[in-house]
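Residues: numbered from 1 along the sequence shown.
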Amino acid sequence: MKETTGRDTIMVRINGEHRRVHEGLTIAELASELGFVPEKVAVERNLEVVPRSTLGDVIVEDGDELEIVHFVGGGDHGRLDDDTWTVAGRSFRSRLIIGTGKYRDFEQNAAALEASGAEIVTVAVRRVNVTDPDAPILTDFIDPKKVTYLPNTAGCFTAEEAIRTLRLAREAGGWDLVKLEVLGEAKTLYPDMRETLRATETLANEGFKPMVYCVDDPIAAKQLEEAGAVAIMPLGAPIGSGLGIQNRVTIRLIVEGARVPVLVDAGVGTASDAAVAMELGCDGVLMNTAIAEAKHPIHMARAMKLAVEAGRLAYRSGRMATRKYADPSSPLAGLI
């Protein structure tokens, strides 16, 4: 949606997606801005159906959760290519973000990117090679005009280091959408949340749009959001461990409480881990080692793409309720 200057905005969740919309819109006006005819949709607001006759009267409020549905022809089971997500005003189709480290070479990295279908890659900011200025660089293989570069602060252990790094990144490429991580120590690579929060506040005040790596703590996630984070990126397990999501409960709580996108960052080891993250309602998954250190990185990149899509579709479909005892699939009436 196009922003109109001079108007305040609020954050709502529409069909599972976080979106920033104009304050004061009625549901009918919102539907029209989204490209729908209000008379041809049904709307549920905070789990209550809104009568179609009142769509022009009900005002959308901050924090509302809206489900907007309409009838579609049989066979269209919610096409994934229509299921975009938005961060800092930018929309993407792929919910998979991959890194650019640990690959055999840049060529393999580019091939993995293509197989994954990712539209965003994280990139580290490092000093140029003054002894060999003609050495290959990432941009020779992955075009930043075609793929969104997400500069990160990997290896930074203080807020000052991270802020300095991202200031240089913005100067080098004009990037304001960035990934912030401030590590506490080298053994676990767990984030130092005090330094992370301090860096988030400073970067947000300087016009950056930080997607922030953090612990899987709902309170810390909310504090980061209030400090200006445009996305919350809780770890599933320690960076590079491949252990998978260790605490599904806290990830789910972060998703439920966030008004910005939530992406699992770190700990994914195989495709099923990515699917679990998406089934929990996350907006996406970021990974590097799981692909780069696989025996066949290109095949694993493809597997991760499919896993993210499958997990997202499963989440949108609404899984069956779990039961304490068995429940037969076949009817017992008329049993011989």
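- Looking at heavy atoms from C-beta onward, Arg95 lies out of side-chain contact with Val285 at the 4.5 angstrom threshold.
- Judged as a side chain to side chain contact (heavy atoms under 4.5 Å, CB included), and not counting sequence neighbours, the contacts of Glu226 are Lys222.
- More than 12 heavy atoms of other residues, nucleotides or ligands lie within 6.0 Å of CD in Glu185, so this atom counts as buried by the packing criterion.
- Annotation: salt bridge (charged side-chain N to carboxylate O under 4.0 Å, His left out) contacts involving residues 190-199, sequence neighbours excluded, comprise Glu160-Arg198, Glu195-Arg198.
- Partners of Ala229 under the side chain to side chain contact (heavy atoms under 4.5 Å, CB included) rule, at least two apart in sequence or in another chain, are Thr200, Val212, Leu224, Ile232.
- Take Lys102 and apply the side chain to side chain donor-acceptor pair (under 3.5 Å) test, not counting sequence neighbours, and it matches Thr289.
- Residues Leu30 and Val21 form a side-chain contact, since some pair of their non-hydrogen atoms from C-beta on lies under 4.5 Å apart.
- Under the side chain to side chain donor-acceptor pair (under 3.5 Å) criterion, Lys209 pairs with no residue, sequence neighbours left out.
- Listed by chain and number, the residues in a side chain to side chain donor-acceptor pair (under 3.5 Å) with Glu161 amount to none (sequence neighbours excluded).
- Ion pair Asp283/Arg259 not flagged as a salt bridge, since none of the NZ, NE, NH1 or NH2 atoms sits closer than 4.0 Å to an Asp/Glu carboxylate oxygen.
- Not counting sequence neighbours, the partners of Phe141 by the ring-ring contact (aromatic ring centres under 6.0 Å, His included) test are Phe106.
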### Message
Using side-chain contact (heavy atoms from CB on, under 4.5 Å), reason through Met287 and Thr122 one step at a time and then give a plain yes or no.
### Response
CA-CA 9 Å; Met287 65 184 71; Thr122 59; over 6 Å; no

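- Inter-residue side-chain proximity for Thr9 and Glu23 is flagged as unmet; no heavy-atom pair is nearer than 4.5 Å.
- Val178 has its side chain out of reach of Asn152: every pair of non-hydrogen atoms, C-beta onward, lies at least 4.5 Å apart.
- Within the model, atoms CE of Met193 and CD1 of Ile219 stand 11.5 Å from one another, a figure rounded to the nearest 0.5 Å.
- Every pair tested for ring-ring contact (aromatic ring centres under 6.0 Å, His included) that includes a residue from residues 220-277 fails, sequence neighbours excluded, so the list is empty.
- Between Glu61 and Arg45, at least one side-chain N (NZ, or NE/NH1/NH2) sits under 4.0 Å from a carboxylate O, which counts as a salt bridge.
- Listed by first and then second residue, the ring-ring contact (aromatic ring centres under 6.0 Å, His included) pairs that reach into residues 154-201 are Tyr149-Trp175, sequence neighbours excluded.
- Panel note: side chain Asn288, backbone Gly101; a donor-acceptor pair is recorded below 3.5 Å.
- At a threshold of 4.5 Å between non-hydrogen side-chain atoms, the residues Ile163 and Leu203 count as touching.
- The heavy-atom pair separating Ile239 from Ala266 by the smallest distance is CG1-CB, 3.7 Å.
- For the ring-ring contact (aromatic ring centres under 6.0 Å, His included) condition, the pairs that include at least one residue of residues 246-299, sequence neighbours left out, are His296-His299.
- A donor-acceptor contact shorter than 3.5 Å links the side chain of Thr26 to the backbone of Glu29.
- For the pair Asp64 (side chain) and Val60 (backbone), a donor-acceptor distance under 3.5 Å is absent.
- Under the 4.5 Å side-chain criterion, counting only non-hydrogen atoms from C-beta, Cys156 is not in contact with Glu181.
- Using a 4.0 Å cut-off between charged side-chain N and carboxylate O, Arg167 and Glu206 make a salt bridge.
- Taking the charged nitrogens against the carboxylate oxygens, Asp83 and Arg93 have no contact shorter than 4.0 Å, which rules out a salt bridge.
- Counting only distance, with no hydrogens or angles, the side chain of Asp62 and the backbone of Met11 share a donor-acceptor pair below 3.5 Å.
- Checking side-chain atoms of Thr153 against main-chain N and O of Leu180 turns up no donor-acceptor pair under 3.5 Å.
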#### Entry: Steps toward side-chain contact (heavy atoms from CB on, under 4.5 Å) verdict (Met233, Lys179)
CA-CA 9 Å; Met233 307 181 76; Lys179 181 195 169 188; 4.3 Å; yes

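- Applying the ring-ring contact (aromatic ring centres under 6.0 Å, His included) test to pairs two or more places apart or on separate chains, none has a residue in residues 195-228.
- Ser91 and Thr84 share no side-chain donor-acceptor pair at under 3.5 Å.
- The line from OG of Ser317 to CD of Glu279 is 10.0 Å long, rounded to the nearest 0.5 Å.
- Scanning all heavy atoms of the two residues, the minimum distance from Asp273 to Gly242 falls at OD2-O, 4.3 Å.
- At least one donor-acceptor pair closer than 3.5 Å links the side chain of Asn247 to the backbone N or O of Val249.
- In this structure, Ser94 has no side chain to side chain donor-acceptor pair (under 3.5 Å) partners at least two apart in sequence or on a different chain.
- When side chains are defined from C-beta on, Glu119 does not count as touching Val147, because their heavy atoms never get closer than 4.5 Å.
- Of all non-hydrogen atoms in Gly99 and Asn109, the two that sit nearest each other are O-ND2, 3.7 Å.
- In this structure, Leu286 and Ile98 have side chains that are not in contact, with every pair of non-hydrogen atoms separated by 4.5 Å or more.
- Between Gly267 and Ser241, the closest heavy-atom pair is CA-OG, 4.1 Å.
- Across every non-hydrogen atom of Val260 and Ala231, the tightest pair is CG2-CA, 4.0 Å.
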### Message
Let's go through Glu65 and Ile14 carefully: what are the C-alpha distance in whole Å and the side-chain angles of both, what is the deciding distance for side-chain contact (heavy atoms from CB on, under 4.5 Å) to 0.1 Å, and is it a yes or a no?
### Response
CA-CA 6 Å; Glu65 294 201 13; Ile14 304 173; over 6 Å; no

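- Between Ala220 and Val215, the shortest heavy-atom distance links the atoms CB-CG2, 4.1 Å.
- A salt bridge links Glu17 with Arg312; the closest basic N to acidic carboxylate O contact falls under 4.0 Å.
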